[in-house]
Each structure stands twice: as C-alpha cells, then as structure tokens.
Amino acid sequence: MSSFDDSDAFEAASSVSLSQRAMAAAPRPYLDGLNPAQRAAVETLEGPVLMLAGAGTGKTKALTARIAHLLLTGTARPNEILAVTFTNKAAREMKTRVATLLGQPVEGMPWLGTFHAICVKLLRRHAELVGLKSNFTILDTDDQVRLMKQLIVASEIDEKRWPARMLAGIIDNWKNRAITPDKVPSADAGAFNRRGPELYAQYQQRLKDLNAADFGDLLLHMVTIFQAHDDLLDQYRRWFRYILVDEYQDTNVAQYLWLRLLAGGHNNICVVGDDDQSIYGWRGAEVGNILRFEKDFPGAHVVRLEQNYRSTAHILAAASGVIAGNKGRLGKTLWTEGEEGEKVRLIGHWDGDEEARWVGEEIEAMQRGTRGMDPISPDHMAILVRASHQMRAFEDRFLTIGLPYRVIGGPRFYERMEIRDAMAYFRLAVSPTDDLAMERIINVPRRGVGPAAMQKIYDRASEESLSLTASVTSLVRDGKIATMGGKARTKVPELVEQIFRWHELARDPECSHVELAEMILEESGYIESYFQPRTKEEVDRGDPPKYKDVEAPGRLENLKELVKALEGFENLQGFLEHVSLIMDNEQESEEPKVTLMTLHAAKGLEFPAVFLPGWEDGLFPSQRAMDEEGMKGLEEERRLAYVGITRAERVCTISFAGNRRVYGQWQSQMPSRFIDELPEDHVEVLTPSGLHGHQNMGASASPVAGMMRGSDLHEAASRADVYNSPGWRRLQTNAAKPGLRQPSEARHMTIDAEAESAFSIGDRVFHQKFGYGAVISVEGDKLGIAFDKAGTKHVVARFLVAAGAAGDVPF
DNA sequence: TTTAGCATGCGAGAT
DNA sequence: GCATGCTAAA
C-alpha cells in the first residue's frame, strides 16, 4: 500500500508545494462521490491496474482522483507521475480537473501530456543517442510526403503507380509497430513494389541529415534508446514511479513497448480504457494491448467501471445488444440507476435528402419540446455520421431552413495551407537553413521559381553542401543567378536577403516576435497575395482592396489568429515548438448550434439528443472496412456503432435511407445489419404522422415497419407548421438584430418596396460556404442564388453578405 | 508560369 | 459529386 509516512519526499516537491492546508483539510474530499469500483481504481496504487471503464462510467473522474490520491497521500511527487493521453485536449482536461481537485494549479506535473509531447521532451534530452541534435525539427505529414516524393523520384520509381502517400502510409505503419528499417519483417519486404524497406532506410537517413523527426519517430526513437541503454532506462524507471495511461485500447505497438519498458521493475502502471471503444485500428491501435494486459502484467488488478451516469436504461440496453455481437471482449455490463427513458428511435427514409429534411424538422420539434419531451437546446444535439461526406446533405438542409450548426473536425487549424505557409516563413526566420520550409515558400507567393530554377538551386546546394538559402547566396556571388528566369533572378535573392534580416531580428531580444511575424507576412508579400492586384489608379482612387478569391477572407482571418496565438509565447521558437497546441480553433458564439461530426470525433463526448443517420450496409458498416479487414473490420465498425449510441443521454435516433447517391450514382441501400442487432424491446419504430404511401423495403428482418416516400401531403404537413417553428421564430428575432454585415446603402438604392429582404434580384452576394453568386429570386427572407461555383441554391438571407462589402482588412 | 480541361479515385484523422 | 493532380495550351 501507499506510504503515508513519506512526507519528506512530499514536501521536497519543489515546483508545486501542495499546501499543508490541502493535506490537513477534510480527509480526501476527492474520494467523495466515488462509487465502490471507482474507489477501488483510485486506491489501488501499487502494482498493475487495468481500469475497464465503459462509456459514461466516470473514467476521467476516477483517473484524476487517482492522481490527487497519489499526490495528497504523499505517495508520489508531482514530477514522479507519468500520465499519458492521446490528445492535447485530454491532457488539458486532466490538468484542469486535477487542479480543481487539489485546489491549485498543477504546473508541477511536467509529465502529464500526450505520448508525443512527452517523447519530444525526452528525445530532446537524448537526441544524440539516435544521431539527432536536441533542436531537431518535427515534420508534419506534408513535409514527410514531400521528402518521400523526392526519394521516389530519385529511385526512378514511377511515382504515379507508387505514390508518395502510399509509401508514407507504409512507413507510418512500420513505425507504429516499432519496426526500424533493419527489422522490416520478410512478410513486408514486398511492400511498395519491393522497394519499401530500402526507401524506408533512405528516408530515415534523410531525416537524420535534416536533423528532423516525424511523429512516428518520436516514439520509435525513444523505444530504440531505452532498448539500447539500460542505464538510462533504469534512471527513468526510478524517476517515473507511477504511470497512468488514458485510452489504453488506442495504443499502438510502439506506445505499448515504450510503456512496458518504463513500467518494468516497479510495475506501477494503471491503464484505463474500454476494449469496446477501440475504433482506431486503422491508425495502428491494437485492441490486443488491452485484451492482453493481464498477461503482460501478471497479478494485475482489474477494476470494472460499469455503472453508467450518462444514458437512460433503454439506450444502454440498445448499445449492449449491439456490442454483444463482438467476440473476444473483456466483457462489461453497463447498468444505471437512472430512468428508463425513451426507447431508441428508429426511422427509415426514402433517400438521404429526405433523411436530412426529417432530422432538421425533428431537431426543431425537439427544440420546441414536442412529443411529451422537455425542450432541448440545439447545443445539446448532435448528428454523428460514419463518413464526413454524409454531412453535406445536412448542411444543405440546415442552411435552407436557417438552422444554426457547427461542424467539428474539418481540416485542423494548423494544417491549413496558409498556416503552414506562414509557419514555414517563421521557421526560416528562426533557422534560415531549414530547407523544407524554404522549399515550401520559395515560390509562395509566386516568385517565378519553376522546376528549372529550383534545380539550379538544388545543384549548387548539393555541390557545396549548402542549405537552399546559402545556395542562393552562392549563386548570387558568382553571378550564376543570371541564368534564371527574369522574375526569379531578382525575387529570389530578395527573399534570401529578407530571410537573413528576419533572422537577425528573431535573435534580437529587443524585437517583439509578434511584430516580427506581422512584418514577415507583410514584407514577404504573402498577405498581399490574397488580394487582387490593384492598378495604380485604383490605389490612387482609394478603392478598397478586393480579395483574390472566396477563400481569401477566411485565410487572412486564420493568419490573424495565428499572430494572436503568438502573443502567448516568449519568442517564435517557443511558438513553433508548441504549435500543435493551437489546434483548437473554436470560438464559441452565443447562438445555440447543432453539432455535426463523425462518429470517430464523437468519442468521449455526450449529448442529450443524438442522431445517427446513414445506418445502411456498405456505408455503416463501411464496405471498405469489411473488405480490407474482414471480421476484424466489422467488429471495429460495431464498436463504432456502440460508441455512437452511448453518446446519447436521453434520446437516440437511428435512421437509414433506402436510396442514396454514392459517388454520384444512385444506389438502393439495405438497412444496416446493426439495426437487426438492436434489441426490439428497446426500440421504437417511428413513422412520421401525416404520411402515406408506405412502401415495404422487405430487405431486412429488422423491426422496421416500412419506408415512406416523400409525398405532397408530407410537404404540406411540414409547411403548415413552419410559422410556428423555432427556425422561423429565430429568423424573426435575428432580423431585428444587427446580424452579419449589412450591405452598404449605396449598393441597394434600387431595393423594391415590397421586398423585405435586403437583397434584390441581380445582386452579387457572398456566402460563407458557397462563395460568390447572384440573386435570382426573392421570397421573403429566402433567396434563390445562382452561385458561381456551387450551383443554384436556396438560402436564408442572413447567411449572405453583399459581395464587395469585404469588411476590414487584416493587419 | 499559369490555366483550363480531363482523368482518377474515394474511411474514420491525433500527434 | 467533388477534389486532386496531371497534361496541354496560352
């Protein structure tokens, strides 16, 4: 058991002096409200512990209480606990919650973080053991692919048949499995047209030359180091006396090995996870790790968290019924003391559009509080789809009816083009020899550098083993620069000069890095490249600058945010280091919104009302998963279904469509086999009232009554109610508020008197999602717009801005 | 170098 | 249906 007499060590904890007050306070308040299972998970401190935490069973509560327990009993000092998560979000949440339990910040927990963040920290200390310098750069996926492309071309491999992305996938896979180039198993030797292993070795060599590591390397290198240096490993084993791992079912082989190495000796490792929620097999996660835990760590305590605090009994029963179809589970039975609640609701639709329309109406109805249910705010509703392309139908529909929504999980902030471009500039300012950064931006904005010019720079660089920047300087020095195209001849040396000047400023402590960043984006012409070129007359006349395209305003907005994010850091270097932390790009607006996201993105979240559309064989479960992984793939899909259902607190609505457009082709769809697996007693089959024309699909033995066809009557029924709908009322209130930018007076002198809309036929407008277009019809607040790129759509006026009213210019 | 026009291929996506 | 990435033409 834990040593309560270790108060010396406890008080010696330098960074966080956990106050005596906390110690002396009521005995362990963090244990209050824990159920017996959670309590066991918290108090079993010594030896291996497997905390099997079903969905909604208070896993994070137990995990954070465990940390608090370790600290407040003096069993461990903050810096002796290694606590690993997968995402920055999870790490942050854990930090905050531990801080709440302790009643003070936890800066003193330096080893609470993601696998990658912790490995970076360790690897910087011991980089030389794998031939890197401690200031190595971390490549993003884009850099990796670019590098591999070069290697493929150099190896005279047909890049079309053997694309760099594929190689990246293969190498990533090896790294996930902790396979170094010399250890590629013979079964994999044929990969990438038999050249895979050799290219892998070359790639690793290139990384070393560049003093760089990719994400996979961070773990792989640490495993390599620990395997080769017993003394070092011992040191860390003594250092990290207690190990905690979140989402253990998502660990890959490399992470598993790393943990095993570190836990060896004391075996004080507590892993938390749920084999039924393992949905990341495709990116290397091995469910086997959690299934095998008791074998790997003999004598492990297994604690099952089965009391669910999230969902109603019906929802839990439905989820349990589905997941029971999987073999080889550790087995858990979720139960609740809560109410029975609504049965899981199931409804079939004619096609995907119909499904989206119904969901839209249902959301409005639930917002109003019909069907004997309390009203639910859109903030508390989510639509969870299997594949992101399913979102389109919903977005289109919601835009039409003016239902506010947010999409989670589009392209991440830091992987947007403009952010990466800007970051490349910053990287060059910090280190002008960063060739990958140079490669990225040498022709961004266009500086007339094509393949020919690039080749000359490369050639000189390799002749004299210089960086690309230095190579340009060298070419300038002996006049060879003149052999380049006219534009490149002047622009490229100009760029290099700028880089060196920025570099000076970056090292100057007097110079604010935020201002420097703005200066860089401005001077490089990068900002300007998002505006249309203006003639001298236009400038003289003081015409406002015009954005280059529909994307430009958003991109400039992102850059603004990037600069803002810089403020929180000491210098550019520090920022680059921590850039992955700015991924959260969410600025919450006051307006309640429905959430639209993938099932994968929804793991760990919960919503009072959840919609699960598209339950059709081939879409969900995905055909591809089944083709490629067979039974294993199907089981992972089934876990995904389980994750989906268990996100719901009060209402869970599953739906499917009989027809769906797949890659532009209409296909008739069969209801998902998972629908058959829903226990009938816990399912209510919905048939929207006022419908006729039932048409039996007859395709499934499921408890589905039949399909309904979108009919005139249905149309009429939904129309009649529209004035009472939340959407309509919302429009009324919004019309009174100064909402989005109003079109300027001058542009709308010709508004006809009867049109209440601020727009009239022929106006040029801009829409956040569909871009520019022209108004072709006006019906109250609903406008028909012929979009330049997106075709003709009906949109509510408040989603439109008059084109040309571009707004303020960043910087 | 830039661009329009056609072929291609398609899941989920943290770090 | 759409984005991506190539070839051909400007």
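Chain letters run A, B, ... following the sequence lines, proteins first and then strands; every chain starts at 1.
Using a 4.0 Å heavy-atom distance criterion, A/A387 is classed as a sugar-phosphate-only contact. Heavy atoms of A/E628 sit under 4.0 angstrom from at least one base atom. Residue contacts for A/S622: at a heavy-atom cut-off of 4.0 Å it reaches a base atom on one of the strands shown. Within 4.0 Å of A/R661, counting heavy atoms only, lie sugar-phosphate atoms of the nucleic acid but no base atom.
In this structure, A/Y280 has its ring center under 6.0 Å from that of A/W282.
Proximity of a side-chain donor or acceptor of A/Q255 to a complementary backbone N or O of A/N252 within less than 3.5 Å is detected.
Electrostatic pairing of A/R660 and A/D351 does not count as a salt bridge here, judged by no charged N lying under 4.0 Å from a carboxylate O.
Residue A/Y663 places its side chain closer to C/dG1 than to any other of B/dT15, B/dG13, C/dG1. Among the nucleotides B/dG13, B/dT15, B/dG11, the one closest to the side chain of A/E637 is B/dG11. Among B/dA14, C/dG1, B/dA12, the nucleotide with an atom closest to any side-chain atom of A/T598 is B/dA12.
Under the stacking definition used here (centres under 5.5 Å, planes under 30°), the residue A/W282 qualifies as stacked on the base of B/dA12.
With DNA chain B read from its 5' end, the first of the two nearest nucleotides for A/S388 and A/A117 is the one closest to A/S388. Sequence order on DNA chain B of the closest nucleotides to A/L640 and A/V449 puts A/V449 first from the 5' end.
Rounded to an integer number of Å, the gap from CZ of A/F620 to P of B/dG11 is 16 Å. Taking atom CG on A/L619 and atom P on B/dA12, their separation rounds to 10 Å, with Å as the unit.
Comparing the same atom, P, in B/dG13 and in C/dT4 gives a spacing of 16 Å after rounding to whole Å.
Ring pair A/W615/A/F620 is perpendicular by interplanar angle, where above 60° counts as perpendicular and below 30° as parallel.
Applying the 4.0 Å criterion to OP1 and OP2 of C/dT4, one finds that A/R165 has every side-chain N and O outside that range.
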